[in-house]
Amino acid sequence: MKLIIDANIPAADACFGSFGAINRVPGREITAAHLHDADALIVRSITQVNGKLLTDSPVRFIGTCTIGTDHIDHAALAQRNITFASAPGCNAEAVVDYVLSSLLTLAERDGWLLSERSVGIVGVGNVGRRLEARLTAMGVATLACDPPRAEAEGAQGFHSLDAVIKHCDVICLHTPLTRDGPHASYHLLNAQRVDEIAPGSVLLNAGRGDCVDGLALRSRLASQGDIRAVLDVWEDEPAIDAGLRDLVSLATPHIAGHSLDGKLRGTWMIQQALARHCEKPSGLSFVDICPPPALASLHIQHPLAPEDALRLCMRAVYDVRRDHDTFQRQALLQGGAKGFDDCRANYPLRREFATLNVQLSGDAVALEGMLRGAGFGVTLTV
């Protein structure tokens, strides 16, 4: 078996070496020529897998080590009888870490408390459900908006997008991209809805860039500057709107889910799917490929303000400001599109909040609920 694998997929040799020969190619450079004698293709979201790419290809298995699949032409795969697998939920925890890091950074900059805000979650799937659960455990009020789920499960517990815009201080988008149908998400936040966002609100998009009308958002930020925006996903990646990039409060190059844990989990999930496709035992567990964290524990001995304690623990694991600063620097040095891809290709090691155990002693034990809710392990000591 010959496998073509995106060069940026970690643990590829450990996961796929037993299946056959591996050829690692940068995701944006994979062409039909690479696939002319390949049996399997393993990609991430930057590779557009369509009929053109698969022309005269003998590929029988395609896996994407990502949650999203809008870069996959499912009809083209079905026409060729190609087995397909994705990795739903693989990096959902990392995206939630990104959201919490971003919101607590803005809260610190602007002098507000996350615990006093209401958060609207638009798209309550793998990421949105986890974000809702963590925020609720932290004592933060949430409203959930997911029309497809509301239609399938009943409206109770769900709210309309217009209600979220009207009643929430923070709007978090975690929707897949769909362009057609009754619940199309393309430009879900169109010019009218962008204009309706209340002054002082935060808009965060870690779903798909095309779900927000970028020109409308840029106009709102440039003309009024009365809302904050955090964007990890953009229209026309990697050649994104530099004017919009420079106006948002935190700008990152589609890396919200780029924890080592999430990437490895995605690779492992596709390895499991390929083993099923080949009808052979997997012989590999996730623990086999996941290394221990560099920082395993942190001890808080004296009381801190809850959100100060959260920032301390979060930044011990992941600080979104680093990604924002690196992106701006590389865009300046290399140009927008090249800087975007360089940041992704050379993304530094990042672990998830769950890899850190926080020891609490003395009066600091009062922080237990908040820290557990945020996703950290907690140990109480005397």
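All values reported here derive from a predicted model rather than from experimental measurement. What you see below is based on every heavy atom in this structure, not just the backbone, and it leaves out hydrogens, waters and symmetry mates.
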When you compare the side chain of [Y] with that of [X], does any pair of heavy atoms fall below 4.5 Å?
X	Y	result
Val43	His71	yes
Ser57	Arg80	no
Met1	Cys278	yes
Cys313	Ile300	yes
Pro253	Ile255	yes
Leu371	Leu360	yes
Leu215	Asp241	yes

Is the backbone of [Y] close enough, under 3.5 Å, to the side chain of [X] for a donor and an acceptor to pair up by distance?
X	Y	result
Arg220	Val194	yes
Asn50	Asp73	no
Asp341	Arg344	no
Arg24	Ala12	no
Thr142	Val119	no
Arg218	Leu244	no
Arg245	Ala251	no

Item checked: Step-by-step side-chain contact (heavy atoms from CB on, under 4.5 Å) determination, Asp39 to Arg60 -> CA-CA 6 Å; Asp39 302 290; Arg60 298 268 63 84; 5.9 Å; no
Next item on the list: Mind checking the CZ-CG spacing from Arg193 to Leu161? Nearest 0.5 Å is all I need.
Entry: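 Arg193 atom CZ to Leu161 atom CG measures 4.5 Å (nearest 0.5 Å).
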Notebook entry, point to check: Atom CG of Leu114 and atom CG of Leu106: how far apart are they, to the nearest 0.5 Å?
Noted result: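 Separation between the atoms: 10.0 Å.
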Less than 3.5 Å apart, any donor N or O on the side chain of [X] or [Y] sitting next to an acceptor on the other?
X	Y	value
Ser259	Glu352	yes
Tyr347	Asn8	no
Asp232	Thr252	yes
His174	Glu132	no
Thr326	Asp323	no
His167	Ser118	no

Next item on the list: Go through Phe61 and Leu3 one step at a time and tell me if the side-chain contact (heavy atoms from CB on, under 4.5 Å) criterion holds.
Entry: CA-CA 9 Å; Phe61 177 90; Leu3 302 92; over 6 Å; no
Could you tell me which non-hydrogen atom of [X] sits nearest to which non-hydrogen atom of [Y], and how far apart they are?
X	Y	result
Ala316	Leu298	CB-CD1, 3.9 Å
Leu100	Leu131	CD2-CD1, 4.3 Å
Asn126	Gly89	ND2-N, 3.4 Å
Asp213	Glu235	C-OE1, 4.1 Å

Note to self: Using side-chain contact (heavy atoms from CB on, under 4.5 Å), reason through Thr31 and His34 one step at a time and then give a plain yes or no.
What the structure shows: CA-CA 6 Å; Thr31 65; His34 292 108; 3.2 Å; yes
Margin query: If the test is side chain to side chain contact (heavy atoms under 4.5 Å, CB included), which one of Thr64, Leu53, Ile5 qualifies with Leu41?
Written below: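 One option only clears the test, and that one is Leu53.
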Notebook entry, point to check: Per the salt bridge (charged side-chain N to carboxylate O under 4.0 Å, His left out) rule, which among Arg350, Arg134, Arg351, Arg130 passes with Asp97?
Noted result: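 Going through the options one by one, the only one that passes is Arg134.
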